[in-house]
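What you see below is based on every heavy atom in this structure, not just the backbone, and it leaves out hydrogens, waters and symmetry mates. Below, read A as the first sequence line, B as the second, and so on, with proteins coming before strands; counting in each chain starts at 1.
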2 protein chains.
Amino acid sequence: MNVSTLCLAFLSFGEASGYDIRKASTEGNFSHFVDASYGAIYPALDRLEGDDLVTRRVEVQDGKPSRHVYALTDKGREALVSQLMEPVSPDKMKSEFLLLTLCAEHLPQERLEQALDQRIAEIDALTEDLSSKSSDCNHAPSQWVIRFATLMNRTKRDYLKANRDALIALGKPAQSAAAE
Amino acid sequence: MNVSTLCLAFLSFGEASGYDIRKASTEGNFSHFVDASYGAIYPALDRLEGDDLVTRRVEVQDGKPSRHVYALTDKGREALVSQLMEPVSPDKMKSEFLLLTLCAEHLPQERLEQALDQRIAEIDALTEDLSSKSSDCNHAPSQWVIRFATLMNRTKRDYLKANRDALIALGKPAQSAAAE
DNA sequence: TCGCACATGTAACGTGTTACATGATTAG
DNA sequence: CTAATCATGTAACACGTTACATGTGCGA
């Protein structure tokens, strides 16, 4: 799925700026399953405006740079729906962590320990973030997604905690400077 | 993580051809957390050979095209380890399905139903595939990863099954030709 | 005062995908 | 007879990231 669709989807919940969309996709509600940077979002919004799928309104602000607020047009809403009607490609997950895990035998135990603990901490932080989000959001589909994400995170974390030591045991013991 | 690292990691388990690596990354053991195509793998192997991280041996076959079998060198193994020693970036998941889910309100119920059922079927197929894989593999770290993936899949599927109807209820009822 | 948050935007760059070319064998 | 599998490889293309430019106000 491309950034355009992401923008349309986000705008279907209300007006927003490119800045808002980026924040949502890297920190907010959307961040669990998409990711986009300015360099992708701004050109995408330009294109969408050119195709009359969104409108732009410049909100001049005092002291801060002016916001370009985008809103979905009827045509844009139709485009979004028709894009969501065609078959979705399967979920894809990229995990350097699992690649590292697979190579456990080549790595010093300290590295495995550190990688695991870091990952667990990351998930904990994310989970907390999620639960705070779910409370101040009463959009039903969003809650459905947040509940899903929360469950997946919890499951992941529990597995990592429960199987932490088993993985570490597979590493190379105390072979000091295996690094670099 | 780039394709080069993936190749090194795969070769750390034994000799393999580009074809093998691609199969592993799209169908096999690796497919849960990476994905790579020929267009990425072959050039990567070339580069690795140029850097003396792998060696190439051409195996002429009768009837079939000859296999280029690659093997990790000591330098290659070192490179792999040093790459796995530096910080791993967080897991990323891309899901068009969740984007669709988020837009449930704009979509006809039939679409949601179909998307959910398709996803559930996909996961079932994948799970079966995984369990068959785990039996004929006695590499401990691989089993650790496979068990992890299996658990995640089961959790995902259970959530989708349990919350299927709740999501469908959020869609637009029977508004026949909402789809273009 | 340093640097972050706000906010938009562009150009260079990296990386990977898609679609092809090639060609024999085997399964349906 | 058709399609798929085996198997390598390349070129065109799509897409996105990174790093910059620009500029103010606010909190540590």
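Atom P of nucleotide D:dT8 and atom CG of B:Asp20 are separated by 7 Å, given to the nearest angstrom. B:Glu59 has its CD atom 14 Å from the C1' atom of D:dT8, to the nearest Å. The distance between atom CZ of B:Arg22 and atom P of D:dT5, rounded to the nearest whole Å, is 10 Å. The nearest whole Å value for the distance from the NZ atom in B:Lys23 to the P atom in D:dA4 is 16 Å. Protein atom CG of A:Leu45 is 12 Å distant from nucleotide atom P of C:dT10, rounded to whole Å.
Sorted by first then second residue, the salt bridge (charged side-chain N to carboxylate O under 4.0 Å, His left out) pairs that include residues 41-54 of chain A, not counting sequence neighbours, are A:Asp46-A:Arg56, A:Glu49-A:Arg56. Listed by first and then second residue, the salt bridge (charged side-chain N to carboxylate O under 4.0 Å, His left out) pairs involving residues 142-152 of chain B amount to none (not counting sequence neighbours).
Across C:dG9, D:dT8, D:dC6, the shortest atom-to-atom separation from the side chain of B:Ser17 is found for D:dT8. Closest approach to the B:Arg67 side chain among D:dA7, C:dT8, C:dG9 is made by D:dA7 (side chain taken as heavy atoms from C-beta onward). Closest to the side chain of B:Tyr19, out of C:dT10, C:dT8, D:dA7, is D:dA7.
Taking the nucleotide of DNA chain C with the nearest heavy atom to each of A:Gln61 and A:Asp46, the more 5' of the two is matched to A:Gln61.
A:Glu96 places a side-chain N or O within 3.5 Å of a backbone atom of B:Ser89 that can act as its donor or acceptor partner. With hydrogens and angles ignored, the 3.5 Å screen pairs no side-chain donor or acceptor of A:Trp144 with any backbone N or O of A:His139.
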N/O contacts under 3.5 Å, protein versus nucleotides 12-18 of chain D?
| from | atom 1 | to | atom 2 | distance (Å) |
| --- | --- | --- | --- | --- |
| D:dG16 | OP1 | A:Val3 | N | 3.4 |
| D:dT17 | OP2 | A:Ser37 | N | 3.2 |
| D:dT17 | OP2 | A:Ser37 | OG | 2.6 |

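Here the closest heavy-atom approach between residue A:Leu11 and residue A:Ala16 is recorded as CD2-N, 3.6 Å.
Between B:Arg56 and D:dG9, a side-chain N or O to OP1/OP2 separation shorter than 4.0 Å is present. Neither OP1 nor OP2 of C:dT8 sits under 4.0 Å from any side-chain N or O of A:Ser66.
For A:Glu27, the salt bridge (charged side-chain N to carboxylate O under 4.0 Å, His left out) criterion is met by no residue, not counting sequence neighbours. Legend: residues meeting salt bridge (charged side-chain N to carboxylate O under 4.0 Å, His left out) with A:Arg111, ordered by chain and number and at least two apart, are absent.
In summary, the side chains of A:Thr5 and A:Asn2 do present a donor paired with an acceptor at a separation below 3.5 Å, with no hydrogens or angles considered.
Here the side chains of A:Gln109 and A:Pro173 are in contact, with some heavy-atom distance below 4.5 Å.
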* Asked: Nucleotide by nucleotide, 5' to 3', does protein get under 4.0 Å of the base (B), only the sugar-phosphate (S), or neither (-) in nucleotides 22-28 of chain D, counting heavy atoms?
  -> -BSS---
